[in-house]
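The shown structure was predicted, so the numbers you read here are calculated from the model rather than taken from an experiment. We name chains A, B, ... by the order of the sequence lines, and we start the count at 1 in each one.
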2 protein chains.
Amino acid sequence: MNASSFAQLRCGDCPIRHRAVCARCNADELEALDAIKYYRTYEAGQPIIWSGDVMNFVGSVVSGIATLTQTMEDGRTQMVGLLLPSDFVGRPGREGAAYDVVATTDVVMCCFRKKPFEELMERTPHIAHRLLEMTLDELDAAREWMLVLGRKTAREKIASLLAIIARRDATLTPGGATNRMVFDLPLTREAMADYLGLTLETVSRQISALKKDGVIELEGKRHVTVPDMRLLMEEAGDDSDGGFLG
Amino acid sequence: MNASSFAQLRCGDCPIRHRAVCARCNADELEALDAIKYYRTYEAGQPIIWSGDVMNFVGSVVSGIATLTQTMEDGRTQMVGLLLPSDFVGRPGREGAAYDVVATTDVVMCCFRKKPFEELMERTPHIAHRLLEMTLDELDAAREWMLVLGRKTAREKIASLLAIIARRDATLTPGGATNRMVFDLPLTREAMADYLGLTLETVSRQISALKKDGVIELEGKRHVTVPDMRLLMEEAGDDSDGGFLG
DNA sequence: CCAGAACCTTGATCCAGATCAACCGGGATT
DNA sequence: AATCCCGGTTGATCTGGATCAAGGTTCTGG
């Protein structure tokens, strides 16, 4: 799937569910969206947006993974969001970007020019409502993450992250949730560390420990098998059966 | 100011700026809001909402301080939000509460019955827009807090919290920001610890250290003077001049 | 095929903050 | 005015994760 193959795609043809806009849009609205839409690709490692930049688009991740990060002057960085396919980027009604957005893998974005999108939103209440819902979901995810960052041990943090990735992966895979799960880690050890408020060495050690204890199996560095999700959830110290990330 | 003195108050008479609804509402809308509004008081230490409860209202804090917290089965707790006067509580379009809300001091809430509020929102786009803006503000604050929790030292965490409280206090005090600031801590050492992902002993020690180093002055346990806010911001490791909490 | 660069793992040591414990001071209760 | 309780402080010690350091494994390009 390359950039040019998107040239003639319609919104409804995106290989992802456009959570922001497509679900309840009628034909007129889809056409209006189509007129202000374009695709853009980013290579792994490329910045998509710098904190403080003026953003002239909003959009959804079509494929690939991007991260939202904050950085202190001295270089300490904290990831504050993980963008997986179908996630929305940008904030209608806001001028500048608040965070750095970086493509972790090759990324395809479906973008809408911001001004016309806002105008469409103005006269289409259900889009505004959907956006509010999505923002509330993000807020829940952020607060869930505050618990992880503030109160969980390194091992629990790793287990929580694996659970989130496994769960998000499952929502994109037909068949739904089973106890056994297989997926590829979309992040380097360093990116995981930035997400979890740890060092990359600690991440590596804890992953090794989870492997030794049979909670996960590893093939290479990135390919993970979870023999029993319930075991992983227990390691994550998570009482909820996992509504996180919305 | 007691509960009965609110009986005849109109929305516009609240001693706080109703960030959600009042700013741009016309007379009709204010009247509609008035019809679905009531005041409610909570004593210090009382729960306002339990996580999972069905919420039948949304509203604003009029006076006092409340906290939003999450708790793990084993009792570890993390504060995920601090509600000061003018802050909004509740989520239009959502059934259950996601967090425990507890009154830290005596609290007066201005509540709107949820169903009619949602209906009003439905036909009043600018209220929906304001709500989206507020939710984005909360999201920014939550993410700012993720950086604090994940990457800052205990001393930086304390300084960050003091700066936030001082700043919020300033927005409610005529005169605006100066270098010198005086305020009362609305939280116990334990509540601060829950906010910061620390223990209460560490909070106590770091406050003593900041005092010894002249960054703050203390009168009793709660009354704080910051001789120079710039110094405090520096201790907080904060590059931004503090757009946090919205 | 080799060199270099990413990325990852593992070991040794250190230290910030947790934990355990004692104590203080003021306000409410009796 | 004795007691208790709650919130806070301070000291001693312990430890989980950071830091410093040394390889190992892939992958890419020459």
Atom pair distance, as rounded to whole Å: CD in A/E219 and P in C/dC8: 16 Å
For the pair B/W145 (side chain) and B/Y195 (backbone), establish whether a donor and an acceptor sit closer than 3.5 Å, ignoring hydrogens and angles. yes
Taking OP1 and OP2 of D/dA18, is either one under 4.0 Å from a side-chain nitrogen or oxygen of A/T202? yes
Please state whether the phosphate of C/dA18, meaning OP1 or OP2, lies under 4.0 angstrom from any side-chain nitrogen or oxygen of B/T199. yes
Donor-acceptor pair, distance only, cut-off 3.5 Å: does the side chain of B/Q78 make one with the backbone of B/T69? no
At 4.0 Å (heavy atoms only), tell me whether A/L198 reaches a base, stays on the sugar-phosphate, or touches nothing. sugar-phosphate
Starting at CE of B/M192 and ending at C1' of D/dT9, how long is that distance when rounded to a whole Å? 13 Å
Between the base of C/dC8 and the side chain of A/E190, is there any donor-acceptor pair under 3.5 Å? no
Among D/dT10, C/dG17, D/dC20, the nucleotide that comes nearest once only the side chain of A/E201 is considered: D/dC20
Between P of D/dG7 and CG of B/D194, the distance in whole Å: 13 Å
Categorize B/G197 for me: base, sugar-phosphate, or nothing, with a 4.0 angstrom heavy-atom threshold over every strand shown. sugar-phosphate
Does B/T188 put a side-chain nitrogen or oxygen below 4.0 Å from OP1 or OP2 of D/dC6? no
Whole-Å distance, A/L196 CG to D/dG17 P, equals 12 Å
Atom-to-atom span, NZ of A/K221 to C1' of C/dC7 - whole angstrom: 8 Å
Expressed as a whole number of angstroms, how long is the span from A/L218:CG to C/dC7:C1'? 14 Å
Pick base, sugar-phosphate or nothing for A/G45, based on heavy-atom distances below 4.0 Å to the nucleic acid. nothing
For the side chain of B/E156 and the backbone of B/T153, is there at least one donor-acceptor N/O pair under 3.5 Å apart? yes
Please check: side-chain N/O of A/S51 versus main-chain N/O of A/A98, any donor-acceptor pairing under 3.5 Å? yes
Under 4.0 Å between a side-chain N or O of B/T153 and OP1 or OP2 of C/dA16? no
Whole Å only: how far is the CG atom of A/L185 from the P atom of C/dC7? 14 Å
Has the side chain of B/R222 got a donor or acceptor atom sitting under 3.5 Å from an opposite partner on the base of D/dG8? no
First of A/L200 and A/R151 reached from the 5' end of DNA chain C, by closest nucleotide: A/L200
Given atom NZ of A/K211 and atom P of C/dC8, what is their separation to the nearest angstrom? 13 Å
Can you say whether a donor on the side chain of A/R205 sits under 3.5 Å from an acceptor on the base of D/dT19, or the other way round? yes
Would the distance check show the side chain of A/N179 and the main-chain N or O of A/M229 forming a donor-acceptor pair, the cut-off being under 3.5 Å? no
